Amino acid sequence: MQEKLKEIQALALSEIEKATSSAEVEEIRVKYLGKKGELTIILRGMKDVSPEERPLVGKMVNEVKAVLEEKLEAVAKEIKGKEKNEKLANEVIDISLPGKKARLGKRHPLDLTLENMKNIFVSMGFTIEEGPEIELDRYNFEALNIPKNHPARSEQDTFYINDNLVLRTQTSPVQVRTMEKQSLPIKMISPGKVYRSDDVDATHSPIFYQMEGLVIDKGVTFADLKGTLELFAKKMFGEKVKTKFRPHHFPFTEPSAEMDATCFVCNGEGCKVCKGSGWIEILGCGMVHPEVLRNCGIDPEVYSGFAFGFGVDRMVMLKYGIDDIRLLYESDMRFLDQF
Ligand code: DAH
């Protein structure tokens, strides 16, 4: 019996020695020490051993068991360590691989120009007002002296949501909203998106930007309009710029005008940008029509005011020499990266 136990021990130890994985170690443990393991079977057969030999054999079996358990544990630990290192080695991160670049966005030239314009007017004491892009027909047309059959409606053909709701064709409705809700005097600008059902080409986009301005107080005259807009032109295009006002017609101002500025590319000499004239059209303006004041509950006998409206896209295109409005709305980074 003693011989047999020694044999089992030697065999088991050599098997454990050769094991290369945790699974193999476990297999060996089951083979010798498991419920049906070789040592367990010997322990169970103790009843057949003679009473004199029993204590000795029992002691030996327990010793062998202890030796095997100790060895199993040591080898299992060693193998686990190796397996962990292998796993780490296989999962290693190659820090020399180029990473994914997070692309930084850029300020859009429209945004830059709008900020520039806003700063100039805010420095002159103007507030900034907002209005909805989905607008009531009443605010977009009716209250601005553009009744249903007015030809200006077809010039500003828009997207109707229903008979009463339109995508605003101009920022001018914010004039009406401001006059309705604010106490006087008013001195505001309102930049924002406007919509017209124009076909897309180099100078037309169904979405574009405008900036409205409105000043209402007692005793406001055309001289105030000229002074304000001339100062704006100087701050926007430089001290040397000259301005002129041409008579024009808008339904919501009387008298109305368009303001031109000397071309900031050629300083009035005549070039490609100003088409040889030396002048560039900047904005529409005029004295607020008495009918519009009345529509907003303001007495034209007591108050007067002036209004103006820019096409912001046009300003951007002129400023940066961009000849196609579509570039402003295509989000092509090759274009936008230049600003
Ligand atoms: N709303 C006009 C347009 O879209 C621009 C304009 C002209 C606005 C004269 C004004 C103004 O406030 O006084 O063509």
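When a ligand or atom number is given, it counts from 1 through the structure's own listing order. Since we're looking at a predicted model, the values are computed, not measured.
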Nearest-contact summary for atom 12 (O) of ligand 1 - protein heavy atom, Å: Glu212 OE2, 2.6 Å
Looking at every non-hydrogen atom in both residues, tell me the closest pair between Ile79 and Ala19 and how far apart they are. CD1-O, 3.7 Å
Using a 4.0 Å heavy-atom cut-off, say whether Ala307 meets ligand 1 through its side chain, its backbone, both or neither. both
Please determine if Thr253 has a nitrogen or oxygen closer than 3.5 Å to a nitrogen or oxygen of ligand 1. no
Which class fits the ring pair Phe339 and Phe335: parallel under 30°, tilted 30 to 60°, perpendicular over 60°? perpendicular
What are the two closest heavy atoms between Pro147 and Arg153, and how far apart are they? O-NE, 3.3 Å
Could you list the atoms of ligand 1 found under 4.0 angstrom from a heavy atom of Ser172? 1 (N), 8 (C)
Ranked by distance from atom 11 (C) of ligand 1, the top protein heavy atom is Phe252 CE1, 3.5 Å
Hey, are Tyr320 and Gln338 close enough side-chain-wise for a donor-acceptor pair under 3.5 Å? no
Under 4.0 Å, heavy-atom basis, I'd like to know which part of Met211 is in contact with ligand 1: side chain, backbone, both or neither. neither
Counting from 1, what ligand 1 atoms have a heavy atom of Gln170 closer than 4.0 Å? 1 (N), 2 (C), 3 (C), 4 (O)
Taking atom 5 (C) of ligand 1 as the point of reference, which of Gly311, Pro173, Gly309 owns the nearest heavy atom? Gly309
In ligand 1, which numbered atoms sit nearer than 4.0 Å to a non-hydrogen atom of Gln210? 3 (C), 4 (O)
